[in-house]
Enquirer: 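There's a structure below that I have some questions on.
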Number of protein chains: 2
Amino acid sequence: MDLFSRELNGLLADTFRSILKIEEQAVRNSEQSDLSINELHLLEAVAKDKEKGKTISDIALDMNITLSSVTVAINKLARKGYVEKIKSENDGRRVFVKLTRLGHKVNAGHQYFHENMVRNVAAGMTEEEKEILVRGITKLNEFFKKRLEARNKK
Amino acid sequence: MDLFSRELNGLLADTFRSILKIEEQAVRNSEQSDLSINELHLLEAVAKDKEKGKTISDIALDMNITLSSVTVAINKLARKGYVEKIKSENDGRRVFVKLTRLGHKVNAGHQYFHENMVRNVAAGMTEEEKEILVRGITKLNEFFKKRLEARNKK
DNA sequence: ACTGATTAGTTAGTTTGTCAAACTATTTTC
DNA sequence: GAAAATAGTTTGACAAACTAACTAATCAGT
């Protein structure tokens, strides 16, 4: 294994662990302390479709978790007042999830944190370097997504 | 927010999630299916010091989790036969953790998986690109590590 | 138009990983 | 040699995810 491999190997685990930890703490020390990072990421996923809202299945797909996990998590967020569930009129089985006003506010705050983090990382990198970093992580992502799909089809 | 920021932002969360998922499944479908990815990563951390073994504190620091979490997790791994705990002779408070033969075997297998993944990502990247990718992620890592330390000092 | 299959989501119960708080045991320090 | 610091443990709680068994709505084929 060459230097690149060894480095990337260790780095990934370490970096991602740190990111989650920091986000967790950032959240805990914020005003909206009744939310975990996980729940914030759920809000983030819900926010991706502002008009119609996202269905439970959409969210599950997006986050790569099971339907039941989403149901439970969304119910909790609904109870806390961050999202609302709206039954589809055309198809009685489907449920659309939308952010409430409070949900939007909190999500915006978290996005700001993210932007800040990325700005910090980007500082001192050339356009080319940034591009390569994104490409590299994209490759990582594709590699894993492909594997995930393959597994799920089984 | 520019393109870079938006992309990196979404990518990180997504990639990380996928990696853990894939590893989880890889583990479950392997022979040693009584281990979670988390437990494997713990083995990985323990493996970093082959001679003396790592103390509970070392591991906690390395993984950014609390002492109590490590105690519980290591005890479980010890029960399953992947590590052993050895009391220090010079300092009766300290406990060294070492991989058993089985632990080594399983860890080696997991490392192989990691190497494979990295090789896949590296394929088609020039030396320069690889270097930049590592530098980029290193920067990310440093950014978060710094924040973590700052928080812990409070 | 029925009926069986599929799809969307829910409920219940379990597992895993983490934490905080209170504790024991062993050095260290003064 | 008493007080403080360090290393680790125990306990009880909680979050997030899973699987399995379920309900309800829609679709498809005859």
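Sequence lines set the chain letters: A, B, ... in the order given, protein chains first and strands last, and positions in each chain run from 1.
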Enquirer: Using the side-chain contact (heavy atoms from CB on, under 4.5 Å) rule, take A:Val95 and A:Thr55 through it: C-alpha gap first, then chi angles, then the decisive distance, then the call.
Expert: CA-CA 5 Å; A:Val95 177; A:Thr55 66; over 6 Å; no
Enquirer: Please list all pairs passing the salt bridge (Lys or Arg N to Asp or Glu O under 4.0 Å) test where one or both residues lie in residues 56-70 of chain B, with sequence neighbours left out.
Expert: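 Found B:Lys48-B:Asp62, B:Lys54-B:Asp62.
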Enquirer: So if I apply the side chain to side chain contact (heavy atoms under 4.5 Å, CB included) rule between A:Ile86 and each of A:Lys52, A:Lys98, A:Arg94, which one comes out positive?
Expert: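 That would be A:Lys98; it is the only one of A:Lys52, A:Lys98, A:Arg94 passing the side chain to side chain contact (heavy atoms under 4.5 Å, CB included) with A:Ile86.
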Enquirer: So do B:Ile59 and B:Val46 actually touch side chain to side chain, heavy atoms under 4.5 Å?
Expert: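 Yes, close enough: below the 4.5 Å cut-off.
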Enquirer: Tell me whether the OP1 or OP2 atom of D:dC18 has a side-chain N or O from A:Ser69 closer than 4.0 Å.
Expert: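 Result: yes.
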Enquirer: What's A:Ser68 touching, base or sugar-phosphate or nothing? Going by heavy atoms closer than 4.0 Å.
Expert: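 The residue A:Ser68 makes base contact.
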Enquirer: Under 4.0 Å, counting only non-hydrogen atoms across every strand here, what does B:Ile56 touch: a base, just sugar-phosphate, or nothing?
Expert: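 Result for B:Ile56 = sugar-phosphate.
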Enquirer: Any donor-acceptor pair under 3.5 Å linking the side-chain atoms of B:Thr71 with those of B:Ser68?
Expert: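 Checked: B:Ser68/B:Thr71 side chains show no N/O donor-acceptor pair below 3.5 Å.
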Enquirer: Between B:Asp58 and B:Val72, name the one whose nearest nucleotide on DNA chain D is closer to the 5' end.
Expert: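 The residue whose closest nucleotide sits nearer the 5' end is B:Asp58.
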Enquirer: Tell me which residues in residues 86-95 of chain A put a heavy atom below 4.0 Å from DNA chain D, sorted by number, or none.
Expert: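 A:Asn90, A:Asp91, A:Gly92, A:Arg93, in order of number.
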Enquirer: For nucleotides 13-16 of chain D, tabulate all protein N/O to nucleotide N/O atom pairs closer than 3.5 Å, reporting atom names and distance.
Expert:
unit_1	atom_1	unit_2	atom_2	d
D:dA16	OP1	A:Ser36	OG	2.0

Enquirer: Please name the pair of heavy atoms, one in A:Phe96 and one in A:Ser88, separated by the smallest distance, quoted to 0.1 Å.
Expert: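 Shortest heavy-atom contact: CE1-CB, 3.6 Å.
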Enquirer: Please list, chain by chain and in numerical order, all residues satisfying side-chain contact (heavy atoms from CB on, under 4.5 Å) with B:Ile37, sequence neighbours excluded.
Expert: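 Applying side-chain contact (heavy atoms from CB on, under 4.5 Å) to B:Ile37 gives B:Glu23, B:Glu24, B:His41.
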Enquirer: Using the side chain to side chain contact (heavy atoms under 4.5 Å, CB included) definition, which of the options B:Leu102, B:Asn75, B:Ile74 pairs with B:Val83?
Expert: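 When side chain to side chain contact (heavy atoms under 4.5 Å, CB included) is applied between B:Val83 and each of B:Leu102, B:Asn75, B:Ile74, only B:Ile74 qualifies.
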Enquirer: Looking only at heavy atoms, what is the nearest atom pair of A:Gly81 and A:Thr100, with distance?
Expert: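 Closest pair (atom of A:Gly81, atom of A:Thr100, distance): O-OG1, 2.7 Å.
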Enquirer: Would you grab the first and last nucleotide of DNA chain C (5' to 3') that comes under 4.0 Å of any non-hydrogen atom in chain A?
Expert: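 Reading along DNA chain C, I get C:dT7 to C:dC19.
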Enquirer: Side chains of B:Tyr112 and B:Asn107: any donor to acceptor distance under 3.5 Å?
Expert: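 B:Asn107 vs B:Tyr112: no donor-acceptor pair found between side chains.
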Enquirer: Using the salt bridge (Lys or Arg N to Asp or Glu O under 4.0 Å) rule, collect all pairs that involve residues 75-87 of chain A, keeping only residues at least two apart or in two chains.
Expert: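 Only A:Glu39-A:Lys80 qualify under salt bridge (Lys or Arg N to Asp or Glu O under 4.0 Å).
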Enquirer: Looking at B:Asn75, does any N or O in its side chain come under 4.0 Å of the phosphate oxygens OP1/OP2 on D:dT10?
Expert: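 Answer yes for this pair, as a side-chain N or O of B:Asn75 is under 4.0 Å from OP1 or OP2.
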Enquirer: How would you label the contact of B:Leu67 with the nucleic acid (heavy atoms, under 4.0 Å): base, sugar-phosphate, or nothing?
Expert: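 The residue B:Leu67 makes base contact.
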